[in-house]
Amino acid sequence: MTRFALITLLVGASITAFAQNPYQYTIQKTATAKNGAVVSAHPLASQAGLLMLQKGGNAIDAAIATQLALAVVYPGAGNIGGGGFMVLHLADGRNMTLDFREKAPLAGNRDMYLNEKGDADLTKSQNGHLAAGVPGTIAGIFQALPYAKLPFKTIIQPAIDLAEKGFAITEAEAKDLNDDKPDFLKYNTRPTAFVKEQEWKAGDTLLQKDLAKTLERIRDHGQKGFYEGRTAQLIVAEMKRGKGLITLEDLKKYQAVWRTPVSFQYKGYEIITMPLPSSGGVLLPMMMKMTEKFPISRYGFHSDSALQLMTEIERLAYADRAKFLGDPDFYPVPVNALTSDEYINQRLKLYTPGIAGNSQVIQAGTVPKESEQTTHFNTADKDGNAVAITTTLNGGYGSHTVVGGAGFLLNNEMDDFSVKPGVPNMFGAVGGEANAIEPGKRMLSSMTPVIALNNGTLAIVTGTPGGTTITTSVYQTLLNLIDFNLSPADAVNKPKFHMQWLPDQVFVEKDFPQDKIEALQKMGYKVVNRGRIGRTELIVRQADGSYEVIGDSRGDDSAAGY
Ligand code: DON
């Protein structure tokens with residue numbers, strides 16, 4: 001019999017140690033754990049993190065091992081050729097946020113995706129070599145490494161093994177690889193591990209020998225194993241073959257940066273999240289501060305009043321996203337003004353209960369001047385350290401371009417810039433000056449990893465992929481837990497909705513209750529079905545100190561702990 005993956009769904013099973021067999025593994029949607037927990041988009045990546053905890057590592061060891069393993073077993077979004085954000089809570093009380101978002105290459109400029117007529121050519125910002133920003137993931141890992149406990153060679157080994165020896169792919173992965181085969185063929189200059197003659201099917205082995213070698217160079221030479229030497233040369237050679245812009249200088253100069261966390265109070269919780277260039281760091285506090293002015297828990301989960309209020313709050317916040325938000329290293333974003341009580345009160349004057357707002361009428365506010373593919377994972381350890389990371393290539397399999405000889409996919413994050421004012425990107429987001437392309441600038445993101453504390457103690461670790469739906473999904477997950485008292489599993493799995501100002505529509509998941517859709521339509525909303533929204537991962541610390549761990553039912557997401 002050929003090797004195959006036994007993929008079973010264990011709902012509600014309590015955690016037991018299961019074999020590290022990359023050909024026979026289980027997707028586990030929930031776990032209860034005393035000593036440590038990991039939840040990510042793929043069971044083998046969650047297992048890699050769990051292994052670090054079991055070896056005496058902490059939440060940071062587990063997070064780095066999970067990130068690296070995701071780059072192998074979940075190539076659609078896990079990555080070393082992309083970037084992301086990390087929120088870190090240390091048991092000694094420190095909260096930190098790490099920005100390893102990609103940057104525009106130094107040769108980039110604001111008009112680089114405009115054709116001769118001045119029209120935006122989105123195929124170039126979304127596919128192939130020119131779509132790639134300078135990757136940040138490996139720099140992020142090495143910034144975080146001083147907070148880990150285990151030797152790096154131990155942390156990276158599961159990823160090397162999975163790349164070198166292969167693993168069985170899931171049904172979802174097989175489908176995605178088959179769907180994207182034409183893009184892999186179109187946007188690569190060398191054969192890649194992701195294309196084979198026959199159709200992929202569940203249980204097929206994915207071998208990534210070039211990637212294993214790249215990971216070994218990172219193991220042996222640290223950050224320089226990626227940003228300098230052979231890997232850097234392979235990236236630049238790939239860029240030359242495909243007319244991309246990333247140079248040796250871009251790579252050498254790349255730095256991940258610690259930024260001051262966004263932190264605000266919400267009903268007894270301290271919510272900690274990523275600041276700009278995450279738009280979530282501005283929108284989440286705006287939305288939650290607006291929400292706080294209403295008795296929303298009395299309205300109830302998915303009540304007409306709650307749905308309408310939250311939709312309008314999302315509209316108000318996203319209208320400001322388009323105008324004001326961009327990389328704060330390049331553009332003076334009025335963050336304090338936008339999240340001030342005075343401004344929140346002024347914005348809420350535009351809200352009329354029971355009646356749909358209108359995005360033509362509701363525009364970005366006036367503030368005083370001031371000087372789909374992504375993945376999220378969480379880890380927590382027995383001491384109460386915790387990590388929330390959202391990391392991305394942007395679209396599924398990013399630019400579809402694999403660095404020849406190095407075996408990893410490059411992102412298509414350049415599309416997160418505003419390539420032309422008012423032209424929607426792949427998530428329908430529009431922007432302007434604040435998020436225009438400039439050399440070395442970071443593109444605005446929606447990624448919103450969150451850690452919430454209760455009386456200074458770890459309470460909630462969460463986040464999700466989903467482009468512009470990320471911030472609204474995180475907002476709804478937090479409200480589901482804090483205001484609507486839903487169980488952690490329901491907080492993640494109950495259908496979500498999304499409004500982002502433009503287009504002036506409420507997107508709902510396909511299992512959103514029909515009577516709720518009709519109630520929204522009666523109030524004047526255009527409701528549009530959107531398949532699935534997000535893949536939210538959640539760890540909740542319970543009163544007895546144990547962790548309840550939830551992997552979103554929308555994908556292969558899997559919880560682990562012990
Ligand atoms: O940073 C961002 O906002 C986007 N690049 C995220 C993309 C994403 O979530 C796609 N996943 N479904």
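All ligand and atom numbering here is 1-based and tracks the order in the structure. Here, residue 1 is the first one in the sequence, and each next residue gets the next number. As a basis for the values below, the full set of heavy atoms in this structure was taken, side chains included, without hydrogen atoms, waters or symmetry mates.
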Region of Thr374 that comes within reach of ligand 1 [heavy atoms, distance under 4.0 Å]: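 For Thr374, the contact with ligand 1 is made by both the backbone and the side chain.
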
Location of contacts on Met443 toward ligand 1, heavy atoms closer than 4.0 Å: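 Within the 4.0 Å criterion, Met443 makes no contact with ligand 1.
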
Using a 4.0 Å cut-off to any heavy atom of [X], which atoms of ligand 1 qualify?
X: Ser446; answer: 1 (O), 2 (C), 3 (O)
X: Ile470; answer: 9 (O)
X: Met447; answer: 1 (O), 3 (O)

Tell me whether [X] is salt-bridged to [Y], with the criterion being a basic N under 4.0 Å from an acidic carboxylate O.
X: Arg259; Y: Asp329; value: yes
X: Glu433; Y: Arg110; value: yes
X: Lys201; Y: Asp204; value: yes
X: Glu249; Y: Lys252; value: no

Sequence neighbours excluded, every pair satisfying side chain to side chain donor-acceptor pair (under 3.5 Å) that has a member inside residues 419-431: none

Residue selection (non-hydrogen contact nearest atom 4 (C) of ligand 1) among Thr375, Thr392, Asp416: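 Considering heavy atoms of Thr375, Thr392, Asp416, the nearest to atom 4 (C) of ligand 1 sits in Asp416.
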
Polar contact flag, side-chain donor to acceptor under 3.5 angstrom, Ser278-Arg101: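 Per modelled atom types, Ser278 and Arg101 side chains form no pair under 3.5 Å.
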
Check: Pro465 N/O within less than 3.5 Å of ligand 1 N/O: no

Ligand 1 to Gly466 polar contact by distance, N or O atoms, under 3.5 Å: yes

Check: Thr339 and Lys289 side chains under 4.5 Å, non-hydrogen atoms: yes

Non-hydrogen atom of Arg101 closer than 4.0 Å to ligand 1: yes

